[in-house]
Every structure is written in C-alpha cells, then in structure tokens.
Amino acid sequence: MLRFILQKLAMAVPTLLLISVMVFALIRLIPGDPALLMLGDMADPQSLADMRHTLGLDHSLVTQFLIWFKAVLSFDLGFSISTKQAVLPLILDRFSVSATIVLVAVLFATLIAVPIGLIAAWKQNSALDLGLVSIATLLLSIPSFWLGLLLLHAFGIQLGWLPVVGYVSFSQAPWQAMSYMVLPVVTLTLVEVGAITRMARASTIEVLRLEYIAHARAKGLSERAVLWKHALPNAFAPTWTLVGLILGNLLGGIAVLETVFTLPGIGRLMVDAIFARDYPVLQGCLLLITFIYVLVNLCVDLLYPLFDPRVKL
C-alpha cells in the first residue's frame, strides 16, 4: 500500500510542476498592467516603475517564475495586489465555503442516485426505468445557474422560506448558516443526480449480464440479494470514478453558482482576481484547485479496490 501511494505521489509531481508553469504563463497573457491598475491612469512613469519593481514585474519571465516557484514551495503565495491580504489564508478561507457546498452536494447526490440507478437497471425497459431515466436526463440537461434561479424565486421570493442574498459562516451562527446553504446544496445535488444515475444504471446493466449474476440467481438467492450484494460492488466502481471527476470539476467550476447565490467562495474570488489583474491570488487559486484535483484522483485510485473486488493494489 505504501509503495502504491508513493508511486502515485511521484506521478503527481510532474503534473503539478507542468501545471504550475502553465498557470504562470497563462496569467501573464492576461491583458493589463497590475501596477497601472493599482496606481490609476494618472500615475507618473517613476511611480509605475517603482510599483513594478515592488511587484517583481521588472524581472524577466524566467526570473519571475523561479522567484514565485521558490516561494510556493515554502507555502508563501505572496500578498494580494488589490486587498494587501496574504494569499494563502485568503484562498483557504474562501475554499472552505466552496468545499462545504460541493462535498455535501456530491454526498447527497451519490446516496440518492446510486440506488435509483440500480433500480432502473433492475427494471430495464419498464415504465419505471423509462421514467427514472427521463428524470435523470432532464436534471442533467438543466443548467445549474438556471435551476438555482428557479429555486431562489420559488423558495426565497415566493414562499419566503429561505434567504435569497447573503452568507453567514458556521462559526458565527450554525443554524442560520445552514439556511443559506440549503439552496446551493439542493441545486448541485439535483444537477449531479442526473449524471450519477445514468452512470450507475449503465454499469449495473453491464454487470447484471455477467455469468456470476446468473450463477447467484441459480443458487436461489433473492433479487434483492443479487442486486445489492453481488451487482453493486462491481457496478459501483465506474460510478466512483465519475464521482471523483465530478468532485474535482465542481471545486474548480462553482463560480457561476456562487454568483447566483452570492457566496464568498473560491470561484468568485477567482473571477474578482481576473478583473483586478491580481496575479498572486489567481495563481494561488489555480494551484490550489489543481492540487485538490490531483489529490481527489489519488483518493479515487486508493479506494478503488474497496469498491471493486477485482482490482488489487
């Protein structure tokens, strides 16, 4: 197990190094001068030169990258150009908001979608299967921001059950914070239920056609035992891979939903950093999301043998 983990970590190092180079290069392609943005259009050339020197922008790109990468290795992501805050605590604070919503939503979506997919596969080509697949396809087709706006209008404006705008952290008021999290979590859960249901159904149908399933039925096992004890362990492995991909994608692509629900997450922080030409914040956000994505895939690989008995480390 330890050797397997070390091998996976060693494979992740070149990936992270390559992505760090790409992130640094892409950030420099964003039009605009951070020094000019900070000082304004009326700044004199000497002030601009001093500001560029302070920000390290007067060095060559290679020197800038080496200085930045050396600082990253010591967990020093610098300071925000616009807010003067330390980047690492800032993005970790914002990331906690996004991670809470995404983790809870993916957990609920998995718990709901996997049984639905199993049942749909068990009743393949029946009216129940057609109805479940139609609902899953509909949920998969609805854009998350549009569904979020519908839920906001229904439960926030029309019924007044839940808050519409704002955010409260769990450290300040746990119960009030939960009320602000309900609609974002429900929106993401409904959207991801469609994708996970279709994957669970497809993998279960494939497993139910295997010989060992026919052998289990020939031994006189009930359909419930065949479905949950024999089909599920093998059918869940592809679904588990999809869950890992969804988790990584949502952590990096939740900006639109955070805008709809006015949540101070890492997605909105990235958007604000782009408009402000805030290089340190944007680079820190992209690096953190990349690291989390690699870590999630590593966890998926390590847990795969637990869900698929055919896979050994």
Side-chain angles (χ1 to χ4, degrees), residues 97-156 161-162 180-209 227-228 231-261 263 265-267 289 292-293 296-297 299-300 303-304 307-308:
V97 178
S98 302
T100 301
I101 297 172
V102 170
L103 290 175
V104 174
V106 171
L107 175 61
F108 285 163
T110 304
L111 294 177
I112 295 171
V114 171
I116 293 177
L118 287 174
I119 295 172
W122 182 38
K123 298 292 185 179
Q124 185 183 7
N125 298 327
S126 66
L128 178 60
D129 178 34
L130 179 61
L132 293 177
V133 171
S134 299
I135 295 174
T137 304
L138 177 63
L139 292 175
L140 186 61
S141 304
I142 298 177
S144 59
F145 71 90
W146 189 71
L147 180 59
L149 291 174
L150 288 180
L151 294 177
L152 274 177
H153 180 75
F155 296 98
W161 292 352
L162 296 168
Y180 282 94
M181 291 291 187
V182 169
L183 290 180
V185 168
V186 170
T187 301
L188 277 184
T189 300
L190 291 176
V191 171
E192 301 307 330
V193 159
I196 298 176
T197 297
R198 290 171 62 90
M199 174 59 75
R201 176 183 179 274
S203 58
T204 304
I205 289 175
E206 183 179 354
V207 169
L208 289 176
R209 295 172 179 171
L227 189 64
W228 294 101
L232 177 60
N234 292 309
F236 185 69
T239 307
W240 174 244
T241 303
L242 177 64
V243 169
L245 294 175
I246 289 175
L247 190 61
N249 289 332
L250 287 179
L251 288 174
I254 197 176
V256 175
L257 203 63
E258 289 175 350
T259 302
V260 171
F261 293 102
L263 297 172
I266 194 170
I289 292 173
I292 295 298
Y293 201 96
V296 167
N297 281 274
C299 293
V300 169
L303 294 176
Y304 216 95
F307 300 111
D308 192 344

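Note that this is a predicted model, so its numbers are computed, not measured.
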Between side-chain atoms of residues 105-113 and protein atoms elsewhere (two or more places apart, or another chain), which donor-acceptor pairs fall under 3.5 Å?
residue	atom	partner	partner atom	Å
Thr110	OG1	Val106	O	2.8

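- Annotation: side chain to side chain contact (heavy atoms under 4.5 Å, CB included) contacts of Val191 (sequence neighbours excluded): Ser144, Leu147.
- Qualifying side chain to side chain donor-acceptor pair (under 3.5 Å) partners for Glu258, counting only residues two or more places apart in sequence or in other chains: Ser98.
- Of the candidates Thr239, Val114, Leu118, Thr239 is the only one forming a side-chain contact (heavy atoms from CB on, under 4.5 Å) with Ser203.
- Every residue meeting the side chain to side chain contact (heavy atoms under 4.5 Å, CB included) condition with Leu132, not counting sequence neighbours, appears here in chain and number order: Ile116, Ile119, Ala120, Leu128.
- Atom CG of Leu257 and atom CG of Leu149 lie 9.0 Å apart (nearest 0.5 Å).
- The minimum heavy-atom distance linking Phe261 with Pro184 is given by the pair CG-CG, 3.7 Å.
- Counting only residues at least two apart or in different chains, salt bridge (Lys or Arg N to Asp or Glu O under 4.0 Å) contacts with residues 136-148 are absent.
- Listed by chain and number, the residues in a side chain to side chain contact (heavy atoms under 4.5 Å, CB included) with Leu138 are Ile142 (sequence neighbours excluded).
- Pairs engaging residues 133-143 under the salt bridge (Lys or Arg N to Asp or Glu O under 4.0 Å) rule: none recorded [sequence neighbours left out].
- Residues forming a side chain to side chain contact (heavy atoms under 4.5 Å, CB included) with Leu150 (at least two apart in sequence, or on another chain): Trp146.
- We find the OG1-CE distance between Thr204 and Met199 to be 10.5 Å, quoted to the nearest 0.5 Å.
- Within a 6.0 Å radius of CD in Glu206, other residues, nucleotides and ligands contribute 12 heavy atoms or fewer.
- Pairs of residues two or more places apart, or lying in two chains, that qualify as salt bridge (Lys or Arg N to Asp or Glu O under 4.0 Å) and include a residue from residues 106-133 are Asp129-Arg201.
- Between the CD1 atom of Ile196 and the CG atom of Leu139 there is a distance of 11.5 Å, given to the nearest 0.5 Å.
- Under the ring-ring contact (aromatic ring centres under 6.0 Å, His included) criterion, Phe155 pairs with Trp161, sequence neighbours left out.
- Distance CG/Leu183 to CG/Leu263: 10.0 Å, rounded to 0.5 Å.
- Residues forming a side chain to side chain donor-acceptor pair (under 3.5 Å) with Ser126 (at least two apart in sequence, or on another chain): none.
- Summarising the geometry of Val260 relative to Gly148, their closest heavy-atom pair is CG1-C, 4.3 Å, with the distance given to 0.1 Å.
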